[in-house]
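Lettering of chains follows the sequences in order, A, B, ..., and the numbering in each one begins at 1.
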Amino acid sequence: MDKTYDQTKVESKWYKFWEGLGFFKPEIHPKGRPYTIILPPPNANAPLHFGHAMYVVEDILIRFHRMLGDSALWLPGSDHAGFETQVVFEKELEKKGKSRFDFDRETLYQMIWDFVQNNKGEMEGQLRRLGFSLDWSREKFTLDPDIIKIVYKTFKKMFDDGLVYRGNRIVNFCTKHGTSFSDLEVLYEDRISPLYYIKYGPLTLATTRLETKFGDTAVAVHPDDSRYQKYIGKIIDIETVLGPAKIKVIADSAVDPEFGTGVIKVTPAHSMLDFEIGQRHNLEIRQVIGYDGRLNEKTGKFSGMTVKEARAAIAKEMLEKNLIEKIDENYKNRVGVCYKCGTEIEPLPSEQWFIKTAELAKAAIEVIKKGEIKIYPKNFEKTYFNWLKNIKDWNISRQIVWGIQIPAWFCNGCDQWIVTEGETPPKCPNCNSKLLERDPDVFDTWFSSGQWPFATLQTTRPGDFEKFYPTTIMETGRDILFFWVARMVMMGIYATGKIPFEDIVLHGMVLDPLGKKMSKSKNNVVSPMDIADQYGADAARLALVYGTAFGHDQSLSHPKLQAMRNFTNKLWNIGRFIVDFAPDDAKHLNPSVILACPESDSRVANAPQNDNINPDDEDILEKLSKTIEVTSKAINSYRFHDAADTLYEFIWHEFADKYIESTKDRRAEAQPVLEYVFRTCLELLHPFMPFITEELWQRLPHQGKSIMVTSWPKATE
RNA sequence: GGACAAGUAGCUCAGUUGGUUAGAGCGCCUCAUUUACACUGAGGAGGUCACAGGUUCGAGUCCUGUCUUGUCCACCA
């Protein structure tokens, strides 16, 4: 053995060995208890970043349970990531001087498909490099035909059950990307925007959005506002930049009498709140801004201007006409922007598909309250409840090509929507018309990934769903608790009548060395491959769980990675001492005879039964047993940092520094204990550091083919 | 406006149900000088546990309040 551990010589060979023997499949323990984790499918539009290496937690659990004899399944997959991917791809096109509008739908789809296939392949290689024991024979992709079929089936069921409806509602619209978003995809920025106090006949009201005034269909005050009682219900004459007009004054309790003058203009077509007021008072929805972000023909001479241009032009003209009373130039507000490009989101009225969330959310709250699903850390329950209690209906239509096209056809004969499980209807079932037009929109990517736990298991192989669903844990970043986890709970219960998983386990974010979030725009994204090349995959894995309480954010730390790499070297040299430097007479003892009993507890039992047991041996065996106990408990309670710390401490400072030193003058006698303790340490460490533990375990006297399929050590009583 | 987390050694962080002199890694200082391992070993310096009250025989840990930082949710025209 070399003096220094060289991970590049060791790590590359074992993954193939394990995979070749079929160890990643749950079938190696056909009679074991099912233990299932579905890999949160990474987006297939870019290589992995270092945060993805947090999947190691799932590998630890899977390897641990596999060693416990469970039928452990870790199911891999990847996500087409609809809009996200289209944005990434459009940037690629931009570099070549092209845009998505240069291609027809089919060509564009095919180009993105090829792009994604490439990335997918690279990503799979990276997951292997990190040692993740995923069952590749069950790998799924969100655009697999059988997955799409299930997504369609769910949509049809929801449509038939009245949970899906076509609604003309206000949606969050990005005029640059030309698509709508759900509420979660809108970011808010603090801005200072001029607040104009404008004259509406006898009233004065405050607004930042002058350009929407053409869409005003009422003026509203609070019903109890004594200042304006005499106007409520009246129609007032107003002067506007387009000439005289009439407008109705209504009373609605949504108006805050403290804001501005206590009077607001109501523009149902261009504000969520105004839309709701409009619904209550049957106001006309007059759209004056188009999907291109420009004012339309209803705005007279302002038509064709962008929102920004129009606002300036209107302000200028109103000042000239003395229609503005005053301007608060320092007004602070918050403006919704596209989370990808920063363009201001326009609330626009649009026909889209919506999911009624009230009942689904209620069920999703119930299962947590009853304890059928547990959330770790528990604090997140509150956040989870808060979101679900205030949830609004979910817009699932996206005006892009990359995704699963919605299986809905509009009949021009009877003006009805027809929804199928994917097949094209030959004619309208209501009126027999053949004038059917398919909705060009695709699903929000979270609508399909929300069905991932059951969609995957229903399409891998017969019996999988029955055996592995509900899955055991869903382990993921806490940043997608709403986007994904809550949706999976809602959709899973709805579609299968069962919870999708028993435990929700949330890990913290991996930040850059300065504690900032990693992002492409900041150019601080670290590749897990670079880290694995530099320190070894084993060290990278251990560094992610060591030293930071599980669930908390952590910064990428090179000193920590170095410390973990040093630890692998320590293990290597312990191995070298025990294997290479074993005295000849100890070799003749053939310790495996004493220690190779298949049951781990009898292995322990054998050693202390010796009447002349050395107190050092007794002591180390006792401490080893304690370590087994603590480590097992820590993993079971998702306290991975505790487990890692316990093992590091015991192996380095108890076993190496103290015990090994103490055996140097009675080496032959101690050899069986050295081998036994070290082999057990490697077994305990294996879920954390699979490569080096396999390498060293193979060099020690052992039973069985691989450390991966040996049984988890048991503590003595 | 609301919620959550954090504030412990120079730095990065542990410290589960309150219990003897508060721990680790890195850094720093002294020693060991090739030992299975220098990606090493032995030893050491360094902390009023954010602040102020309270409960208790006993508080880093529990309660109340304050300050600071980070994250999330809501969104006001």
Strictly below 4.0 Å: does A/Lys382 bring a side-chain N or O up to OP1 or OP2 of B/C4? yes
Span that lies between the C1' atom of B/U71 and that of B/C57, in whole angstrom: 41 Å
Taking B/U17 as the reference, what is the distance to B/G60 when you measure between their C1' atoms (whole Å, please)? 16 Å
B/A3 phosphate, OP1 or OP2: any side-chain N/O from A/Asn379 under 4.0 angstrom? no
I want to check one thing: is the phosphate of B/A24, taken as OP1 and OP2, less than 4.0 Å away from some side-chain N or O of A/Tyr546? no
Using a cut-off of less than 4.0 Å, is there contact between a side-chain N or O of A/Lys378 and OP1 or OP2 of B/U16? no
Please evaluate the base of B/A3 for a donor-acceptor partner in the side chain of A/Glu381 within a cut-off of under 3.5 Å? no
For B/C39 and A/His558 - does any side-chain N or O of the residue sit under 4.0 Å from the phosphate oxygens OP1/OP2? no
Under the side chain to side chain contact (heavy atoms under 4.5 Å, CB included) rule, what do A/Leu511 and A/Lys516 come out as? Steps first, then yes or no, please. CA-CA 5 Å; A/Leu511 308 169; A/Lys516 300 278 180 240; 6.0 Å; no
Run through A/Asp553, A/Asn379, A/Thr383 and flag the one making a side-chain hydrogen bond (donor to acceptor under 3.5 Å, both in side chains) with A/Arg478. A/Asp553
d(CD1, A/Ile574; P, B/G41) in whole Å: 10 Å
Centroid-to-centroid, A/Tyr546 to A/Phe567, below 6.0 Å? no
So, is A/Arg334 near the phosphate of B/C75, with a side-chain N or O under 4.0 Å from OP1 or OP2? no
Nearest to the side chain of A/Tyr188 - B/C73, B/C75, B/A5? B/C75
Rounded distance in Å between the P positions of B/A32 and B/C11: 32 Å
Counting only side-chain N and O atoms of A/Lys560, is one of them less than 4.0 Å from OP1 or OP2 of B/C11? no
For the residue pair A/Phe655 and A/Tyr659, does the interplanar ring angle fall in the parallel (under 30°), tilted (30 to 60°) or perpendicular (over 60°) class? parallel
Euclidean distance for P, B/U16 against B/A6 (whole angstrom): 12 Å
On a whole-Å scale, what distance lies between the P atoms belonging to B/U56 and B/C67? 28 Å
